[in-house]
Amino acid sequence: MRFPFKGWRTILEPFRRSIRNKLIATMVLLVAVPVLFVTLLAAENTRTSVETEVIESNVSRMTWAGGYLEERFDQLNNIIYTMLINESFNDYSRKLDDPNLSVAFNAQKGLTGLIASILYSNVKYLNGIQLYVKESGKIITVNGMNSDVVSRKDIPYPFGELFSQNIDYTIVNGKSGRSFYLVRSVNRFEDHARLGGLSLEIDWRNMENTLSLLSPDHDQSVFIASGQGDMLYQPEGPTPPSILWAIG
């Protein structure tokens with residue numbers, strides 16, 4: 001323990017004996033402290049500037065990608081509107097529960113064919129289309145080369161939110177996580193009574209080209225969340241909990 005003490009004494013001894021040395025030390029301190037302060041301030045300003053530049057660049061790319069996503073969702077919404085305003089669609093829907101079994105069967109067949117035609121015209125974007133009629137509980141599903149008609153007493157997935165939350169439009173994540181449903185209510189024109197729902201199943205991979213515009217770095221994550229903050233799609237796998245906590 002005595003060696004460090006002696007070492008310090010040896011270093012400080014010249015400054016004790018000489019006023020000149022004291023003045024030199026004082027001048028060095030007076031110069032070094034401001035220089036150190038300026039250096040630290042410059043480093044902080046540089047860090048803040050780079051951070052701001054990165055944030056602004058990311059926001060710009062997000063705005064750009066968001067515009068493309070909005071355009072894609074507009075295209076998908078137009079598919080639904082095309083069906084809802086189609087005279088044959090509305091005519092078949094009215095006759096689907098007709099007491100005359102022959103009329104009801106032809107309406108069901110016509111609806112299935114119409115939905116299949118819409119699906120095949122947009123097969124690049126869609127995995128499948130579902131029509132749910134609440135009064136009868138019928139569900140017409142067309143996907144790929146298959147079509148199916150079943151009846152259920154309960155409200156099927158993914159139409160539950162339309163009725164439980166009394167909303168006209170929602171996006172529901174698929175159970176597998178590989179697709180999502182764009183769901184819209186089907187209302188009677190005269191009194192706006194809710195008759196059922198129409199859903200489009202879309203593969204999340206159709207959105208990856210748009211997300212790639214963000215060009216995330218290795219330490220960045222890209223994901224899509226709902227308006228309520230629920231995670232819908234994470235192309236790079238689960239987002240670390242620390243990031244989810246940071247965004248609230």
Side-chain angles (χ1 to χ4, degrees), residues 62-63 65-94 96-97 111-112 114-115 118-119 122 125-143 148-207 210-211 222-235 239 244 247-248:
M62 286 176 65
T63 302
Y68 277 98
L69 283 176
E70 186 175 357
E71 183 179 335
R72 180 62 59 83
F73 277 108
D74 285 342
Q75 292 173 348
L76 296 171
N77 269 315
N78 287 337
I79 295 174
I80 294 181
Y81 289 135
T82 299
M83 296 180 66
L84 293 179
I85 64 176
N86 186 290
E87 291 185 10
S88 297
F89 177 85
N90 287 289
D91 184 51
Y92 290 142
S93 298
R94 283 192 295 269
L96 196 58
D97 297 320
L111 268 177
T112 303
L114 178 61
I115 292 173
I118 296 292
L119 174 63
N122 298 276
Y125 305 110
L126 305 180
N127 285 0
I129 301 176
Q130 278 187 319
L131 172 66
Y132 168 59
V133 182
K134 189 174 186 297
E135 185 174 347
S136 64
K138 282 186 177 179
I139 310 160
I140 299 177
T141 303
V142 180
N143 48 39
D148 188 29
V149 181
V150 297
S151 296
R152 292 178 54 168
K153 293 182 179 180
D154 60 328
I155 299 175
Y157 180 86
F159 299 98
E161 288 185 11
L162 289 183
F163 297 91
S164 64
Q165 300 182 22
N166 194 30
I167 53 179
D168 293 319
Y169 171 85
T170 187
I171 295 176
V172 180
N173 209 18
K175 293 180 178 179
S176 66
R178 293 190 294 269
S179 63
F180 67 95
Y181 296 92
L182 192 63
V183 189
R184 186 170 286 278
S185 63
V186 177
N187 303 325
R188 187 185 292 122
F189 177 77
E190 294 78 8
D191 56 3
H192 302 289
R194 186 156 299 174
L195 304 178
L198 188 64
S199 79
L200 308 180
E201 184 182 4
I202 302 105
D203 196 315
W204 276 118
R205 287 176 298 182
N206 289 327
M207 302 295 175
T210 303
L211 294 179
V222 176
F223 51 82
I224 298 177
S226 68
Q228 293 73 38
D230 298 324
M231 197 65 60
L232 294 178
Y233 182 55
Q234 304 171 74
T239 301
L244 297 180
I247 63 176

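Taking all atoms of both residues into account, the shortest heavy-atom contact from L76 to L182 is CB-CD2, 3.5 Å. Taking both residues in full, the closest heavy atoms of F163 and F159 are given as CD1-O, 3.4 Å, listed atom of the first, atom of the second, then distance.
Counting heavy atoms from C-beta outward, D203 and N127 have side chains that approach closer than 4.5 Å. Counting heavy atoms from C-beta on, the side chains of I202 and L126 come closer than 4.5 Å. For the pair I115 and M83, the minimum side-chain heavy-atom distance is below 4.5 Å. Side-chain atoms of T170 and Y181, non-hydrogen and from C-beta on, never get closer than 4.5 Å to each other. A 4.5 Å side-chain heavy-atom check between V172 and F180 finds every atom pair outside the cut-off. Side-chain contact between I139 and Q130 is present, with at least one heavy-atom pair separated by less than 4.5 Å.
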Requested in this report: Just do the side-chain contact (heavy atoms from CB on, under 4.5 Å) check on Y81 and R184 with the steps written out, would you?
Outcome: CA-CA 10 Å; Y81 289 135; R184 186 170 286 278; 3.3 Å; yes

Report task. Would you please test I155 and Y132 for side-chain contact (heavy atoms from CB on, under 4.5 Å) and show each step? Result -> CA-CA 9 Å; I155 299 175; Y132 168 59; 3.7 Å; yes

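A side-chain donor-acceptor contact under 3.5 Å links R194 to the backbone of L162. Side chain of N86 to main chain of T82: no donor-acceptor pair is present (N/O by atom type, distance under 3.5 Å, no hydrogens or angles).
A donor atom on one side chain and an acceptor atom on the other are not found under 3.5 Å apart for T141 and D148. Using modelled atom types, one finds a donor on one side chain and an acceptor on the other under 3.5 Å when comparing S136 with D97.
The CG atom of N90 lies 9.5 Å from the CG atom of L111; values are rounded to the nearest 0.5 Å. In this structure, CG in L114 is found 10.0 Å from CG in L131, a value given to the nearest 0.5 Å. We find the OG-CD1 distance between S93 and I140 to be 7.5 Å, quoted to the nearest 0.5 Å. Between E201 atom CD and N143 atom CG the span is 7.0 Å, to the nearest 0.5 Å. S179 OG to N173 CG: the interatomic distance, rounded to the nearest 0.5 Å, is 7.5 Å. The distance from the CG atom of L200 to the CD1 atom of I171 is 11.0 Å, given to the nearest 0.5 Å.
Within a 6.0 Å sphere centred on CD of E70, other residues, nucleotides and ligands contribute 12 heavy atoms or fewer. Heavy-atom contacts from other residues, nucleotides or ligands closer than 6.0 Å to CD of E87 number 12 or fewer.
Each of V183, N77, I80 was compared with Y169 under the side chain to side chain contact (heavy atoms under 4.5 Å, CB included) criterion, and only N77 meets it.
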